[in-house]
Amino acid sequence: MSELSLPSRLRLDGAALVRNWRALARLSGAAACGAAIKADGYGVGAREVMSRLARAGCRDFFVATWAEAREVADIVRAYDLSLSVLHGARVEDMAMAASLPARPVLNTAAQVARWREEAGGRPCDAMIDTGMNRLGLGTAEAGLLADVRLSTLMSHLACAEEVSPSNDRQRRAFADVAASFPAARHSLANSAGIALGPDFAFGLTRPGIALYGGVPCAALSAHIEPVVRVEAQILQRRTVERGDSVGYNAIWRAPARTEVATINLGYADGIPRDWLEPTAMIVGQDRLPVIGRVSMDLIVIDVSAAPSLGEGDWVELDWRLPEVARSTGRSQYELLTGIGGRFGREWSA
Ligand SMILES: *Cc1c(COP(=O)(O)O)cnc(C)c1O
């Protein structure tokens, strides 16, 4: 059988990924720097991310669920890595938790009790909720952890990418609890939390978005490079006459004779349908406007400025995350993880 060739692809820069991790590790000071690879490595590919960062020296990884842990278990074993499952261990997870090389991050009193009774002394992590009210034991419940073998104690910041008094409030609340568990590692900062300074790093940081080229706060912009490029093939090129419309609901009409090309990308691939400033495609240096409505699987661009571009040629979508987030009103997290599974993934390095 011949190999499947996909008409859209992500070009992934493995060297930039590693440089972003090294930059975040540097900014983490004396703390170890881990990596959040949940949601299939934020849509980029958890296995490819994990093996590259492991070779660069990263030892601590975080996924959301046991299904995600299972996907990378062989890499954990091969490199002798630490893997934490952020959503803890439900009753239904206990068997998987016994067989996989990963620790649950216990979040509730019931999870702690179950782990103490059923896990046979295996190590675990725990999440302390210091004010986000999302997932984790309350600070008053931390004493429940006295009888489990605690590896990493963590908390999570609600407003790390903002200037907010809640950051320091959460840091102090976490430091208070952490002082009662001197033998465990302590971890508070996500990507933006690393930028809040050394007081937030504790013993281990947990960046996610910034590894993949997201810039959650201005302080990181000088340190982070893009990792993901989105490219698609032209399926058809045509000429439309003045007054002709393009796409659903005919929201674009040609002000003059225009050359257009239809490319293999759409909102089912995670491209926002309601992108406000119709952005541009980059081909070499040319920026080609998107025209009409983004369809489920197709986008039309104005290629009048690119006479040589035709069927089968590749174009690149302007997918600089901070800029696209600004012009679409979406978060960089949503844009990155929303990129669907229909792309080929081509890693350099
Ligand atoms: C997703 C997640 C992270 C990584 O956060 P970023 O903002 O992507 O750096 C860290 N810790 C926890 C608990 C998370 O859920």
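Numbering of ligands and ligand atoms starts at 1, following listing order. As a basis for the values below, the full set of heavy atoms in this structure was taken, side chains included, without hydrogen atoms, waters or symmetry mates. The chain is numbered in sequence order, starting from 1.
- Q236 and T262 share no side-chain donor-acceptor pair at under 3.5 Å.
- Under the 4.5 Å side-chain contact rule for hydrophobic residues, V72 and V105 do not share a cluster.
- Inspection of the Q170 and T130 side chains reveals an N or O donor paired with an N or O acceptor under 3.5 Å.
- Of the inter-residue distances, the one linking S331 atom OG with I209 atom CD1 reads 7.0 Å to the nearest 0.5 angstrom.
- In this model, no donor atom of one side chain and acceptor atom of the other lie less than 3.5 Å apart for S84 and R206.
- Using a heavy-atom distance under 4.0 Å as the criterion, the protein contacts of ligand 1 are A36, K38, Y42, L86, M127, R134, H156, N190, S191, R206, P207, G208, I209, Y333.
- The closest side-chain donor-acceptor pair between Y79 and R55 falls under 3.5 angstrom.
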